[in-house]
Each structure stands twice: as C-alpha cells, then as structure tokens.
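What you see is a predicted model; the values in this text were computed from it and never measured. Each chain gets a letter, A, B and so on, in the order the sequences are listed, and its residues count up from 1.
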Number of protein chains: 2
Amino acid sequence: MSEASIAILKFHNLRITDCRVHVVKHFLEGNGVYSQRDLENKYRQYDRVTIYRTLNNLLQAGVLHRIPNESGMATYGLFDQSSTSKHRFDNHIHFKCNRCGQIECLDDREVPQVSVPKGYSVERVNLIIDGTCPSCT
Amino acid sequence: MSEASIAILKFHNLRITDCRVHVVKHFLEGNGVYSQRDLENKYRQYDRVTIYRTLNNLLQAGVLHRIPNESGMATYGLFDQSSTSKHRFDNHIHFKCNRCGQIECLDDREVPQVSVPKGYSVERVNLIIDGTCPSCT
DNA sequence: ATCTAAAAGCAACAATGTTGCATTTATGTA
DNA sequence: TACATAAATGCAACATTGTTGCTTTTAGAT
Ligand SMILES: [Mn+2]
Ligand SMILES: [Mn+2]
Ligand SMILES: [Zn+2]
Ligand SMILES: [Zn+2]
C-alpha cells in the first residue's frame, strides 16, 4: 500500500521520504487516530523529532488533522481522501471510547448545525463524543 | 467575592485554603476558561504543584471541568453553579476564538442531539466551535 | 488547646514539545 | 547520468507540562 501513500504525498507536493510514506501508510491501513507516541513505537528507525516534524508537515499540508484531547497528548487522524467527501475540509465528529481509549473518526456522520450568540462567527466545529465502543460493550 | 468562592468549596466538602479560594474566585470573576499557566502567573505565591493539585481537586469535586484542546495544554472552566442549570452535569459547548485565543463556555446553548452508529453508546458530548469572537471581529 | 488528616512546599523525574545545526537525501536541471 | 540545491534527517539540547514522594504546615474537628 505504499502506492496510495506516495500518491497522497505527491498530490500535496511533499517529497517522498521513507518516514512520510510509512506514517501515511500507517494512517491509511489503520483507519484510526494515532498519537506521536504510537508512531514512534511502530517505527523505531526514525528519530522522534523526525516523526514530530513529519506529523507537523502532514498537518500543514492538509493530509492530517489534529484532534482536541483533554488528556493533553495530541492525536492525529487522516483526512478522508476521497474528493467527493463532504468532510474533506469540513467539520468532523470523533468518538472516544472511555473503556479502551480508542478514538475514531466518524466520517460518515453529519455535524449538526449549531447556533452561536450574536457577534460570533463559526469557522470550524469539532464534536467529540465520549462513550463506549462496540468492542467494549 | 471570597464569599461565593468559600460557599462553593463548602458545598463540595473541600477544605477552605487560600489557594483554593483564590483559584475559584478567579474562575468566578473571569467567567472564562483558564490553563494552569494562567493561574500560576496570577498567583505567584503558590507553588505550581499546589495549583496543579488544586485544579485536580476541583476537577474531581465537580467544581471545574476540563476542556479538550488541540494545543495539548489542559484548560479548565467552572461548572455553572446554579442548581437550575441544565448544564451543571451535562454536555457543553465551548467557543474558541482563533484570533485572540480566548476560550469561552457557552453555557446557555443546547448541545444538539447527535446520532452514533449502532453499537456505540454516548456518555458525554463535547462541542468545540472555532471562529472569531465579538471583540475580534 | 490539642490532635489528625489534609494540603502545601520542595525536589526530583517523566513525557512531550520545540529549536539549532551539521549531515544526508530527494528531486529538478544540465 | 551527474550535479546543484533546497529540503529532510539525526542528534543534542532545552522548554514546558505533568506527576510523584516526602517533609512541614495547617484546617477543622474534638
Ligand atoms: Mn477525524
Ligand atoms: Mn465549559
Ligand atoms: Zn472501546
Ligand atoms: Zn477573540
């Protein structure tokens, strides 16, 4: 599956490097949400600073998004890469299981319309749902 | 305004100490959301560990709640203390201004009903809106 | 006034984020 | 293919935040 990974990097005008290919591949295959820690553990061959910078690069390029997290450790998810997806550059729902800790993107769900007080303008909406996932029920 | 602060601590069966009174007072007066850093800067007379533990105590007692934040720094807000508030122990909306960085609780807004895929159960919903606040428009 | 559990202060350490710099590498061009 | 150059990597160093253990101090009950 390096092909898909490389294609994504090329599409975003990023140089093809081993670390980037591996990281994107990890997101593509896992279909989940990962912290820098997760990637460091998986790919010991790269310096943690390289992974840190890789994540930042992918974030800035719009390949990944960062997910707000009350634990204080940043987590990252792949943007839905299909051009038809409404959620590509859009609002987003995440589900966090309070049992196993797993965070998932619910890409297929619509973020409900929200109203804000007069004077506020909305740029992005992050909806984070806590609860129990199917595997932990 | 120490009175209100002390009343809250008593209500939650917490000992009345200078640090706790100051911290709760800060939240009461500011009506905003603050990080440990903010409180350390404001109240230099307390050790940062004391403020850290104070925040944790208030969190556990249910005086404060912690707000998910993609920056990786924990932020805290006061729970609406009015007993009639629907949001006292409930779901919650926060607004973060991308210009000035200020985070606010929108206590008077309802969190919209959300549907999750089959097999998932919802315990809590956090809605974080990014945009521009009235002062920065 | 005394007692005791709780809180505060201090030192130490862990985890994560961040930057500077020398070296290596990817990629466009001759 | 070889070369030039900007970008990426690895490594060291440091900043910030979170966390714990232990001793001293203190709040609140008796
Ligand atoms: Mn996501
Ligand atoms: Mn709040
Ligand atoms: Zn689970
Ligand atoms: Zn603002």
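- Between D:dA8 and A:R20, a contact under 4.0 Å exists linking OP1 or OP2 to a side-chain N or O.
- Atom CD1 of B:I51 is separated from atom P of D:dG18 by 12 Å (rounded to the nearest Å).
- What separates CZ of B:R53 from P of D:dG21 is a distance of 10 Å, to the nearest Å.
- Mapping A:D18 and A:V49 onto DNA chain D by nearest heavy atom places A:D18 closer to the 5' end of the strand.
- Distances shorter than 4.0 Å separate none of the side-chain N or O atoms of A:Y46 from OP1 or OP2 on D:dG10.
- Checking B:R109 against A:S115 by side-chain atom types alone, a donor-acceptor pair falls below 3.5 Å.
- Across all strands, B:R37 comes closer than 4.0 Å only to sugar-phosphate atoms, never to a base (heavy-atom distances).
- Centroid-to-centroid, the aromatic rings of A:Y34 and A:Y76 stay 6.0 Å apart or farther.
- Nucleotide D:dT9 holds its C1' atom 18 Å from the OH atom of A:Y43, rounded to whole Å.
- Taking atom OH on A:Y52 and atom P on D:dC14, their separation rounds to 18 Å, with Å as the unit.
- On the nucleic acid side, DNA chain C has its first and last nucleotide under 4.0 Å of a heavy atom of chain B at C:dA5 to C:dA12, going 5' to 3'.
- Residue A:T50 has a polar side-chain atom (N or O) positioned under 4.0 Å from OP1 or OP2 of D:dG10.
- Residue whose closest nucleotide on DNA chain D sits further toward the 5' end, between A:L14 and B:R15: A:L14.
- At whole-Å resolution of the value, CG in A:N56 and P in D:dA8 are 12 Å apart.
- Evaluation of atom-type donor-acceptor distances gives a pair under 3.5 Å for the side chain of B:R48 against the base of D:dG18.
- Looking at A:N41, its side chain never comes within 3.5 Å of a backbone N or O of A:D38 through a donor-acceptor pair.
- Between A:F79 and A:H65, the ring planes are tilted. Angles from 30° to 60° get that label.
- Below 30°, between 30° and 60°, or above 60°: for B:Y46 and B:H22 the angle between ring planes is between 30° and 60°, a tilted geometry.
- Atoms CD (B:Q45) and C1' (D:dT26) sit 16 Å apart, rounded to a whole Å.
- For A:K25 and A:E3, the salt-bridge test fails: no basic side-chain N is under 4.0 Å from an acidic carboxylate O.
- If you measure from atom CG of B:D47 to atom P of D:dC22, you get 17 Å, rounded to the nearest angstrom.
- Checked options B:N69, B:I67, B:L64; the residue passing with B:V33 is B:I67 (criterion: side-chain contact (heavy atoms from CB on, under 4.5 Å)).
- Look at CG on B:N57: it is 15 Å from P on D:dA27, rounded to the nearest Å.
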